[in-house]
Structure formats: C-alpha cells, structure tokens
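Proteins come first, then strands; the chains are lettered A, B, ... in the order of their sequence lines, and each starts at number 1. From a predicted model like this one, the values you see are computed outputs, not experimental measurements.
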Amino acid sequence: MVKTRIAPSPTGFPHVGTAYIGIFSYAWARKNGGRFIVRIEDTDRKRYVKGAEEGILRSLKWLGLDYDEGPDVGGPNGPYRQSERLELYRRYAQQLLDAGLAYRAFETSEELAAIREELQKKGLGYGYDGRARRIPREEAEARAAAGEPHVIRLKTPDSGSTIITDELRGNIEFAAEEIPDVVLLKSDGFPTYHLAVVVDDHLMEVSDVIRGEDWLVSTPIQKLLYQAFGWDEPKWYHLPLLRAPGGAKLSKRTGHTSLDYYRQAGYLPEALRNYLATMGFSMPDGREIFTLQEMIEAFSWDRVSLGGPVFDEEKLRWMNGKYIREVLSLEEVCERLKPFLQGAGLGWESDAYLCKVTEAMRPRFETLSEFVEKSAYFFDENYPFAPKAEKELKKGLRELREVRDILAALPELSHEQSEAAIKEYAQERGLKLRKVMQPLRAAITGSLATPGMYELLEIFGKERVLARIERALQHAEELEDGR
RNA sequence: GGCCCCUUCGACUAGCGGUUAGGUCACCGCCCUUUCAAGGCGGCGGCACGGGUUCGAGUCCCGUAGGGGUCACCA
C-alpha cells in the first residue's frame with residue numbers, strides 16, 4: 001500500500017512550503033487509494049514553539065488535506081509526535097551500538113568546532129572525522145555508564161559510494177567522503193532527524209517519502225540507516241523548493257510564507273491549494289483551474305517539473321478572483337465574506353441583501369478582504385466621500401438635484417424604471433450620460449469605482465437613495481462653505 | 001569553496017527527434033461601457049551558451065555558464 005506523510009516541525013507559523021509538499025503527498029496517496037499521515041517532528045527542544053502544532057494541523061485541514069493518521073486523530077502506529085517516541089529511538093540506537101554499526105562520541109561542542117575548522121582548512125566539506133571510533137568499546141561504555149555526556153554516531157563507509165534512487169531524477173551517487181558519521185542520538189537523549197525519520201517512516205510503514213529538495217543530499221545517510229537496520233527503504237521523491245521572486249528560497253524576508261497570512265488576507269483555501277498545485281504540476285489538458293479531486297485523478301510524476309518555481313502572489317490573486325467569480329457559487333461567496341465583514345465591524349441587514357451586494361461586486365474583488373475594503377458604503381450610511389467623488393459632486397450639483405427629483409417621482413427604483421427615467425432625462429437635457437451618472441455615483445457611494453448605477457439604485461432602494469443624495473448635497477454645501 | 005540538483009517568454013508551464021515552439025499571469029492595444037472591474041479580441045515576449053549524435057534537435061550526450069540546495073548534538 002502506498003503511504004505518504006507530511007512531517008512538519010512545530011517551530012513557528014504554518015509554512016506554505018509544508019502545504020505545497022502536503023498537496024503532492026496527499027495527491028499521491030489518494031491516487032493510489034493509500035494513506036496520508038501527519039507526524040510532528042518536535043525533537044528540537046530549543047526551537048519548539050508552543051501552539052505551532054495546532055496552527056499547522058488547522059492549516060492542513062483548512063486546505064482540505066484530511067489525513068488518515070496524525071497526532072490529533074491517532075492511528076495504528078502512533079504516537080505521531082516524535083517527542084512521545086523517545087524510548088523507541090533510544091532502543092534502536094542501542095541496537096546499532098550493539099551491532100557495532102554506531103559508536104559513542106564524547107567531544108564537546110567546542111571541540112567539535114575546532115575539528116570542523118581544522119577539516120575546513122584541509123578542504124573537506126563536512127565537520128567530523130570519526131575520531132571517536134578509535135575509543136575502545138569497553139572504555140566508551142564505562143564513560144557512558146559514569147554519566148559522561150555523549151552522542152551516538154552512525155558509522156558510515158570509509159570508501160566506495162552510496163547510490164540513491166530519486167524517483168524524479170534517477171540514480172544519484174555520493175562518495176563515501178561526502179557522507180559523515182552523523183549524530184543519531186543527541187546528548188540530551190533526543191534523536192536527530194536522521195534517526196527519527198528512518199525509525200518512524202519504517203514503523204509507520206511509509207512507502208513513499210515525498211519531501212523538499214533540501215533533503216536530497218541527506219538521503220544517502222538515511223539509506224545507510226535503512227541498511228544498518230536491515231529494512232527496506234521507501235521510494236524517494238524530492239520536490240523543488242518554492243522560490244521567492246528573484247530566485248531565492250521563499251522566506252520571511254522575501255514574501256509571505258505563513259498560511260495564516262493567506263487565510264487572513266482573504267484567500268480561499270481552494271484557490272491557494274490550486275495555485276500551489278500548479279507549482280510543478282500541470283494538467284494534461286493545460287487547464288489551470290482544477291479541484292483537488294481532479295488533480296488526484298490526473299496525477300502522475302511525469303507531469304511534475306523540476307525547476308524551482310517562483311511563488312507569484314499576483315497570479316495567486318488572479319486565481320483567487322477566478323474562484324470568487326466563476327468557481328464558487330454566489331451563496332458560497334456570501335458565506336465566506338461574513339467573517340471578514342464582522343472582523344471589520346460591519347453588519348448586514350439580511351443574507352439576501354448581502355448576496356445582492358456580493359453579486360454586484362463579484363467581478364470587482366479578488367480576495368475576501370478586498371471586498372470589505374471596497375464595499376463598506378453598502379453597510380454604513382455614514383460612508384466617507386473620496387476627494388475625487390467630492391469633485392464630481394461639486395461639478396454636478398445641478399444634475400444631482402434634478403436627477404434626485406426624477407428618481408423621487410418614480411414609484412420604485414427597479415433597474416428598468418431607473419434606466420428609462422435617467423436616460424430620458426439626460427436626453428431631454430442634452431446631457432452625456434456620465435454627466436448625470438458620476439455625480440449620482442459620488443453621492444450615493446462616496447466613490448467613483450462602483451458597480452453599475454442601476455444595480456446600485458435597485459440594491460439601495462428609493463428611500464436610502466434619496467436619503468443618501470440629501471446627505472451628499474449637504475456635504476457638498478459644507479464643502480462650498482469651507483472654501 | 002567541496003558535493004548534489006536544476007535550466008523553454010519577466011513569472012507558472014505544455015513539449016517527451018520533424019511544431020509557424022502552445023496556454024495562463026503580468027504588461028500593451030482594441031471592443032463592450034454611466035465609473036471601476038469583469039469579459040471578448042489582438043499584441044509584446046522564450047528554447048542560457050558551446051560542442052557533439054542524427055537526414056533532422058527545445059527534445060539525446062558532453063562541456064561551460066547561471067541559479068538553487070547542502071555541508072549542525074536544526075529540521
């Protein structure tokens with residue numbers, strides 16, 4: 001059975017990179033009718049951030065990546081939090097020690113720094129020369145028994161090479177000199193990534209490891225570990241890393257990397273997930289808007305490209321707008337807008353009203369928060385007047401008063417009736433339509449960028465329109481006086 | 001710097017030996033139009049470079065360059 005996992009570290013906010021890898025892991029598992037699991041890699045006590053795990057799990061769910069096993073849902077191979085599996089790692093480290101495949105090392109961090117520097121001078125790329133291998137077994141055990149702080153290191157080959165198979169790139173060969181005797185168990189008794197990931201992936205029966213390319217060069221270490229334990233290694237897939245505009249790895253400095261940001265900015269999880277999927281994956285028919293389900297159906301590794309994709313928020317915005325105006329139903333969009341309106345302290349008289357406004361605004365906003373920014377005048381009678389709107393008001397006072405009377409004479413401001421009346425008025429007076437529309441628009445919205453006038457009139461209704469015009473007229477007078 | 005990976009328009013990508021190198025975002029123009037959008041139509045723009053292999057290379061091989069990753073008791 002195909003089993004994939006996402007293994008985030010709770011060291012901060014939920015990262016888009018986690019979601020990106022998660023989407024591919026999820027798709028591959030579902031494609032094969034397999035399982036997708038979440039494991040929390042919290043073995044670094046220094047970098048642990050309280051609440052980070054919750055944020056990550058919430059984000060995965062938000063994106064629709066439901067997992068079959070995880071720290072909060074359990075599963076047959078738990079616990080799914082590495083900090084709760086320490087005994088396991090110690091036991092397996094001991095096993096390697098007993099087999100002579102690992103050894104205890106007693107250098108302090110200062111000594112290691114010195115060794116590293118020395119090796120650096122000799123032009124060697126990494127930081128430990130394996131000197132503790134020479135400590136006799138009995139002596140090492142005695143020192144350990146006496147409580148001397150130490151780590152356990154993997155004994156890697158002195159010569160030859162290790163060849164790994166990356167499913168996306170083929171065989172990659174690493175010379176023995178490139179594979180250091182890495183630490184497996186730290187002096188605090190916690191495992192390092194290498195030990196923990198191998199033990200857990202094996203015990204949790206992960207068959208396909210899908211992760212970021214930054215892990216590629218550490219794969220031989222893990223392969224060696226699988227061999228040391230006598231276990232079958234999983235298939236390895238290394239996805240290119242997301243880049244920031246300019247090419248550097250996406251980071252806090254170069255762009256928005258927190259999933260919380262995207263949620264708060266009013267991006268839809270469907271759109272973000274869709275956009276992330278296009279970072280490396282493409283549909284056979286070239287379509288860019290597709291559901292998770294459609295991705296799963298069409299998914300194939302030879303449709304995945306290996307160049308590091310640049311994350312372009314501009315295009316994400318476009319895609320989000322596309323979802324708002326073409327993918328989600330109008331009712332769905334209205335629902336999603338509610339928390340954003342509430343967050344801005346705006347209320348709406350009824351769902352029907354909110355939906356009418358949303359319908360009119362639909363082609364005019366690309367994120368949910370943008371709707372709030374551009375639509376406040378629909379939800380507040382004391383809307384402000386933009387400078388440009390004030391200018392239109394002053395220029396068109398006469399037309400505004402006249403059109404007010406025209407509208408006041410109508411029984412109701414339906415699209416059809418308003419249009420007929422306004423057009424007739426403009427024609428009789430020989431006015432360009434915009435000469436009457438712009439002052440009216442400025443008056444009833446305080447803005448010059450709005451939906452069509454007849455929709456506005458219908459949405460507000462006669463009473464509110466007339467009240468708004470009066471208020472604008474008054475505002476214009478105050479402007480005159482102030483001058 | 002050593003090692004490893006990657007390389008098609010500014011960005012995301014299609015292409016899997018024979019294509020006028022296609023699509024999307026962005027940008028520009030036109031249309032629609034009461035404003036702003038959306039939408040429609042059109043345009044700009046690319047196979048990093050050099051060698052091979054081949055009747056024929058964006059597609060295969062080698063080299064160079066560029067970009068990225070990695071060299072922790074972090075993941």
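Of the candidates B:U35, B:C5, B:C73, B:C73 carries the atom nearest the A:Arg116 side chain, counting heavy atoms from C-beta on. Comparing B:U70, B:C73, B:U35 by their closest approach to the side chain of A:Lys186 singles out B:C73. Looking at the side chain of A:Asp214, the nearest of the listed nucleotides B:C73, B:U13, B:U70 is B:U70. Taking the side chain of A:Pro309 as heavy atoms from C-beta on, and the options B:A26, B:C12, B:C6, the nearest nucleotide is B:C12. The A:Arg303 side chain lies nearest to B:G15 when the options are B:G15, B:U24, B:G67.
Protein atom CG of A:Asp166 is 12 Å distant from nucleotide atom C1' of B:C6, rounded to whole Å.
Using a cut-off of 4.0 Å between Lys/Arg side-chain N and Asp/Glu carboxylate O, A:Glu87 and A:Arg90 are scored as salt-bridged. In summary, A:Asp166 and A:Arg169 engage in a salt bridge, as defined by a charged side-chain N under 4.0 Å from a carboxylate O.
If you check distances only, the side chain of A:Lys435 never reaches the base of B:U34 with a donor-acceptor pair under 3.5 Å. Side-chain to base pairing of A:Ser187 with B:C73: one donor and one acceptor N or O lie within less than 3.5 Å of each other.
Residues A:Asn171 and A:Tyr454 each lie close to RNA chain B; by heavy-atom proximity, the contact nearer the 5' end of the strand is made by A:Asn171.
Residue A:Thr278 has no polar side-chain atom (N or O) positioned under 4.0 Å from OP1 or OP2 of B:C12. Taking 4.0 angstrom as the limit, A:Thr43 places a side-chain polar atom (N or O) nearer than this to OP1 or OP2 of B:A75. Under 4.0 angstrom from either OP1 or OP2 of B:U35 there lies no side-chain N or O belonging to A:Lys374. Side-chain N/O atoms of A:Thr450 include none lying less than 4.0 angstrom from OP1 or OP2 on B:C36.
Nucleotides B:U20 and B:G45, compared at atom C1', are 16 Å apart to the nearest Å. B:A57 and B:C49 are spaced 16 Å apart, taking the C1' atom of each and rounding to whole Å. Separating the C1' atom of B:U33 from that of B:G22 is a span of 32 Å, rounded to the nearest Å. Comparing B:C32 with B:A37, their C1' atoms sit 13 Å apart, to the nearest whole Å.
The side chain to side chain contact (heavy atoms under 4.5 Å, CB included) test with A:Phe460 singles out one residue from A:Ile444, A:Val357, A:Leu413, and that residue is A:Ile444.
As judged by a 4.0 angstrom heavy-atom cut-off over every strand, A:Val151 is placed among the base-contacting residues. Residue contacts for A:Val217: at a heavy-atom cut-off of 4.0 Å it reaches a base atom on one of the strands shown. Residue contacts for A:Met279: at a heavy-atom cut-off of 4.0 Å it reaches the sugar-phosphate backbone alone, with no base atom in range.
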For this session: Determine, for nucleotides 38-47 of chain B in 5'-to-3' order, which nucleotides have protein heavy atoms under 4.0 Å from the base (write B), from only the sugar-phosphate (write S), or from neither (write -).
Result: SS--------
